[in-house]
Amino acid sequence: MNKPIEELIGKKNLSASPFFKKVYTLVAQIPEGKVSAYGDVAKALGISGAARAVGTAMANNRDSKHVPCHRIVRSDGNVGFYKGGPEGSMEKRKRLMDEGIEFLESSLKIKNFDKFRYKKFNISLQEITKS
DNA sequence: TGTGTGACAAAGC
DNA sequence: AGCTTTGCCACAC
């Protein structure tokens with residue numbers, strides 16, 4: 001038997017689990033030119049302490065075409081990791097800059113984080129409730 | 001059931 | 001302003 005592709009590329013198939021599906025649904029709402037923190041997403045789901053779990057969800061995102069995981073950053077304005085780890089941080093920064101996000105000079109930190117921060121997620125009761 | 005993992009966060013220094 | 005420490009959570013095995 002061949003190994004599943006997920007294993008070959010270093011990702012596991014977490015995207016099917018309920019929690020991650022909800023996360024992806026929210027992240028998909030973030031418009032271009034806006035960013036949100038891992039913790040913001042967790043909070044929107046009513047699990048304010050699950051920032052770390054949101055990070056896990058991003059690391060295992062299978063559908064970057066519809067789930068703009070580069071728009072999820074750290075609560076202090078640092079871009080955080082991308083595409084599996086710190087190697088991707090610069091690319092993440094570039095992608096965000098291309099969308100109009102401003103950065104501090106030679107830094108991975110967003111300037112005026114507040115100004116670009118998106119928190120108003122639309123959550124239907126259904127999405128939360130459905131286990 | 002219990003343990004280990006990680007793209008985090010807030011507090012402490 | 002930049003560490004380190006400690007707490008957190010969902011999920012895989």
Side-chain angles (χ1 to χ4, degrees):
Chain A
M1 256 319 239
N2 290 332
K3 294 190 173 189
I5 183 66
E6 304 83 34
E7 195 172 325
L8 296 177
I9 61 177
K11 287 187 177 181
K12 296 171 183 175
N13 184 25
L14 303 175
S15 42
S17 65
F19 176 77
F20 293 116
K21 281 197 288 191
K22 292 178 207 166
V23 171
Y24 298 139
T25 302
L26 292 198
V27 174
Q29 297 175 10
I30 304 173
E32 187 176 319
K34 289 282 184 181
V35 293
S36 194
Y38 296 91
D40 293 341
V41 178
K43 194 174 176 187
L45 285 172
I47 315 174
S48 57
R52 247 182 139 167
V54 171
T56 305
M58 293 301 95
N60 291 280
N61 176 27
R62 289 304 196 47
D63 189 12
S64 56
K65 184 152 185 162
H66 300 99
V67 182
C69 53
H70 64 284
R71 295 185 189 139
I72 304 296
V73 301
R74 293 191 183 174
S75 62
D76 63 356
N78 191 295
V79 290
F81 294 169
Y82 189 55
K83 292 207 169 160
E87 317 82 30
S89 295
M90 283 309 290
E91 182 187 345
K92 190 170 180 179
R93 181 184 194 272
K94 182 185 184 313
R95 290 184 65 117
L96 290 175
M97 283 195 83
D98 289 345
E99 296 185 359
I101 308 281
E102 301 165 32
F103 279 81
L104 295 171
E105 194 75 25
S106 315
S107 165
L108 289 174
K109 256 196 167 186
I110 295 174
K111 181 165 58 173
N112 298 326
F113 181 35
D114 217 41
K115 175 170 135 190
F116 301 107
R117 194 169 186 172
Y118 181 87
K119 291 183 179 176
K120 315 177 293 294
F121 294 98
N122 301 315
I123 314 221
S124 76
L125 190 56
Q126 242 182 1
E127 279 166 356
I128 301 187
T129 306
K130 75 178 178 186
S131 176

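Note that these values count all heavy atoms, side chains included, but never hydrogens, waters or copies made by symmetry. Here is the naming used below: chain letters follow the sequence lines, and residue numbers restart at 1 for every chain. Since this is a predicted model, take the numbers as computed values, not measurements.
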Spacing between A:Ile47 atom CD1 and C:dC8 atom P, to the nearest angstrom: 15 Å
Taking atom SG of A:Cys69 and atom CG of A:Asp63, what is their separation to the nearest 0.5 Å? 10.0 Å
Identify the pairs formed between an N or O of the protein and an N or O of nucleotides 10-13 of chain B at a distance under 3.5 Å, and give each distance.
unit_1: B:dA10; atom_1: OP2; unit_2: A:Ser75; atom_2: OG; d: 3.3

Tell me what A:Gly85 touches on the nucleic acid: a base, only sugar-phosphate, or nothing, going by heavy atoms under 4.0 Å. nothing
Once rounded to the nearest 0.5 Å, what's the spacing between atom OG of A:Ser75 and atom NZ of A:Lys43? 11.5 Å
What nucleic acid atoms does A:Gly88 come within less than 4.0 Å of, heavy atoms only: base, sugar-phosphate, or nothing? nothing
Set out, in order, the CA-CA distance, both residues' side-chain angles and the distance that settles side-chain contact (heavy atoms from CB on, under 4.5 Å) for A:Val35 and A:Ile110, then state yes or no. CA-CA 10 Å; A:Val35 293; A:Ile110 295 174; 4.0 Å; yes
Which helical stems does DNA chain B take part in, if a stem means at least 3 consecutive Watson-Crick or G-U pairs with both distances below 3.5 Å? B:2-6 with C:9-13, B:8-13 with C:2-7
Between C:dA10, C:dC11, C:dG7, which one does the side chain of A:Arg52 approach most closely? C:dG7
Between NE2 of A:His70 and CD1 of A:Ile30, what distance do you get to the nearest 0.5 Å? 9.0 Å
Could you grab the distance from atom CG of A:Leu26 to atom CG of A:Asn122, nearest 0.5 Å is fine? 9.0 Å
Work out how far the P atom of B:dA11 is from that of C:dC9, and round it to whole angstrom. 16 Å
Which one, C:dA10, B:dG6, B:dA7, comes nearest to the side chain of A:Thr56? B:dG6
Nearest to the side chain of A:Ala53, which nucleotide is it out of C:dC9, B:dA9, B:dA7? C:dC9
Tell me whether A:Arg93 forms a cation-pi arrangement with A:Phe103, defined as NZ or CZ under 6.0 Å from the six-membered ring centre and within 45 degrees of its axis. yes
What about A:Tyr38: does its side chain form a donor-acceptor pair under 3.5 Å with the base of B:dA7? yes
Atom CD1 of A:Ile101 and atom NZ of A:Lys94: how far apart are they, to the nearest 0.5 Å? 14.0 Å
Tell me the interatomic distance from A:Glu87, atom CD, to B:dG6, atom P, rounded to whole angstroms. 13 Å
In short, salt bridge (Lys or Arg N to Asp or Glu O under 4.0 Å) pairs touching residues 68-88 of chain A with sequence neighbours left out are A:Arg71-A:Glu99, A:Lys83-A:Glu91
Taken to the nearest 0.5 Å, the spacing of A:Ser36 OG from A:Phe116 CZ works out to 14.0 Å
note: A:Asn60, atom CG; C:dC9, atom C1'; distance rounded to Å ~ 15 Å
Specify the separation, in whole Å, of atom NZ of A:Lys109 and atom P of B:dA9. 12 Å
